[in-house]
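Accompanying notes for the structure given below.
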Amino acid sequence: MRGLKVLPSGRPGRGRLYVNRPDGQAVAWYDRQANRISVLSDDQREAVLGVLRPYLTGDWTIGPPPVPTAADLRRLVLPPDQDLAPNRPGEGLLGELAYGSPGSRARHRLRLDLQARQRVGAELDALEAADWRTLHDVPIPGLGLLDHLLIGPPGVFAVRTVPGRRQRARIGDLLLTVGRAEPRPDPRWIRRAAAYAARVLSTPVTPVLALDDASRVEVAPTVRDILVLHPPTTTTLRTTPSTLKPPDIEALFTQARTLPTWT
């Protein structure tokens, strides 16, 4: 079949590779973890192998797909431009940096923000091997982009990254201050973002502030509803009691990765 295209379902090197027709309809997919190709119609086998061959590694197998779940069916018909899963950490900042004024203060701050989001995002992505799912740069109407949305056995977490710049950070009920800089409304922002995510996903969402590269973090004793990660390691998340089963995680991830869910 002519015109087949290979599209990733997530960030480079993760998730499945889908083989789509020009109209966007999937005809096969390659599960890189299981090293298996699932073909929807046997007469398309050779064409699918032809476009997937550069991506195949090791001893792969090919055959009809397993019985799809409801989440699989929704993902198969999701147009690529409405899929948030391929977003990289800090995706929205890359364009701003590309068109920013060289040497400006704003550009320097953007670079610090991007580096912090990339470091925190890499740690969160590493959880995918333990049945977690991550999304980056999720649009929240009226608030901008949520840095990271994390879905795993303990539940759903809305994560805002704050560059610590090797200075002391103080977190209060309403404001966050890093060093001698002006206070930032990050606590209020992440609460609002988590509340919106909870409404659209119909499940509790925990607000999280991840402090990257801060020398010390002081949290007011009245801040009980926000999870603070410092350093932004995933140890706390890994040891949190489980509340979601793998099918629940996949269903929430499928819903969350769909752009119309948020807009």
- Query: Is W189 reachable from W262 through a run of hydrophobic residues whose side-chain heavy atoms are each under 4.5 Å from the next?
  - Reply: yes
- Mind checking whether Q82 and P260 have side chains closer than 4.5 Å, heavy atoms only? yes
- Answer with yes or no whether the hydrophobic clustering places L209 together with V223; edges join I, L, V, M, F, W, Y residues whose side-chain heavy atoms lie under 4.5 Å apart. yes
Show which side-chain atoms of residues 48-61 pair as donor or acceptor with protein atoms under 3.5 Å away, not counting sequence neighbours.
none

- Task: Go through the steps to decide whether Q44 and L4 satisfy the test side chain to side chain contact (heavy atoms under 4.5 Å, CB included), and finish with yes or no.
- Result: CA-CA 10 Å; Q44 299 167 346; L4 293 181; 6.0 Å; no
- Task: Quick one: list whatever passes side chain to side chain contact (heavy atoms under 4.5 Å, CB included) with P221, sequence neighbours left out.
- Result: none
- Note on the structure: Tightest non-hydrogen contact, residues D125 and T134, listed as OD1-OG1, 2.7 Å
- Message: Counting only heavy atoms from other residues, nucleotides and ligands, does the tally under 6.0 Å from CZ of R111 exceed 12?
- Response: yes
- Item | For K5, side chain to side chain contact (heavy atoms under 4.5 Å, CB included) partners two or more places apart | none
- Query: Atom OG1 in T177, atom CZ in R180: separation rounded to 0.5 Å?
  - Reply: 13.0 Å
- Could you state the interatomic distance from CZ (R184) to CG (L176), rounded to the nearest 0.5 Å? 6.5 Å
- Query: At what distance, to the nearest 0.5 angstrom, does CG of D83 lie from OG1 of T254?
  - Reply: 9.5 Å
- Item | Minimum-distance pair of heavy atoms, taken over all atoms of V120 and A210 | CG1-CB, 4.1 Å
- Message: The criterion is salt bridge (Lys or Arg N to Asp or Glu O under 4.0 Å); which residues satisfy it with D131, sequence neighbours excluded?
- Response: none
- Might you work through the side chain to side chain contact (heavy atoms under 4.5 Å, CB included) test for V39 and W29, ending with a clear yes or no? CA-CA 7 Å; V39 183; W29 59 88; over 6 Å; no
- Message: Does anything in residues 193-208 form a side chain to side chain donor-acceptor pair (under 3.5 Å)? List the pairs, not counting sequence neighbours.
- Response: none
- Task: Report yes if the side chains of R88 and L94 come closer than 4.5 Å at any heavy-atom pair, otherwise no.
- Result: yes
- If you take all heavy atoms of P89 and G121, which pair is closest and at what distance? CG-CA, 3.9 Å
- Query: Is the backbone of E91 close enough, under 3.5 Å, to the side chain of D137 for a donor and an acceptor to pair up by distance?
  - Reply: yes
- Item | Gap separating the CZ atom of R16 from the CZ atom of R32, nearest 0.5 angstrom | 11.0 Å
- Message: Applying side chain to side chain contact (heavy atoms under 4.5 Å, CB included), can you list everything that pairs with E218, at least two apart in sequence or on another chain?
- Response: R168, R170, R216
- Message: Checking the side chain of T261 only, and the main-chain atoms of R257 only, is there a donor and an acceptor separated by less than 3.5 Å?
- Response: no
- Message: Could you measure the distance from the CG atom of D248 to the OG1 atom of T243? Nearest 0.5 Å is fine.
- Response: 8.5 Å
- Task: Not counting sequence neighbours, which residues clear side chain to side chain contact (heavy atoms under 4.5 Å, CB included) with P207? List them please.
- Result: I190, A194, I226
- In short, A169 meets L211 closest at the heavy-atom pair CB-CD1, 3.8 Å
- Item | salt bridge (Lys or Arg N to Asp or Glu O under 4.0 Å) involving R45 - partner list, sequence neighbours excluded | D42
- Item | Smallest separation among heavy atoms of V217 and V219, with atom names | CG1-CG2, 3.9 Å
Show me the donor-acceptor pairs within less than 3.5 Å that the side chains of residues 139-162 make with the rest of the protein, sequence neighbours left out.
from : atom 1 : to   : atom 2 : distance (Å)
D147 : OD1    : R117 : NE     : 3.3
D147 : OD1    : R117 : NH1    : 3.4
D147 : OD2    : T161 : N      : 2.7
H148 : ND1    : H136 : ND1    : 2.9
H148 : NE2    : T161 : OG1    : 3.1
R160 : NE     : D186 : OD1    : 2.6

- Query: Hydrophobic cluster mates of L175, side-chain heavy atoms under 4.5 angstrom, ILVMFWY only, any path?
  - Reply: L174
- Heavy-atom check, side chain of P163 versus side chain of D113, under 4.5 Å: yes
- Message: Main chain of P247, side chain of E250: is a donor-acceptor contact present, judged purely on distance under 3.5 Å?
- Response: no
- Item | Y30 with V6, same ILVMFWY side-chain cluster at under 4.5 Å | yes
- Message: Side chains of L135 and N87, heavy atoms from C-beta outward: is any pair under 4.5 Å?
- Response: no
- Task: Identify, with sequence neighbours excluded, every residue that meets salt bridge (Lys or Arg N to Asp or Glu O under 4.0 Å) alongside R188.
- Result: none
- Query: Listed by chain and number, what are the salt bridge (Lys or Arg N to Asp or Glu O under 4.0 Å) partners of D23, not counting sequence neighbours?
  - Reply: R21
- Euclidean distance, S242 OG relative to I249 CD1, rounded to 0.5 Å: 7.5 Å
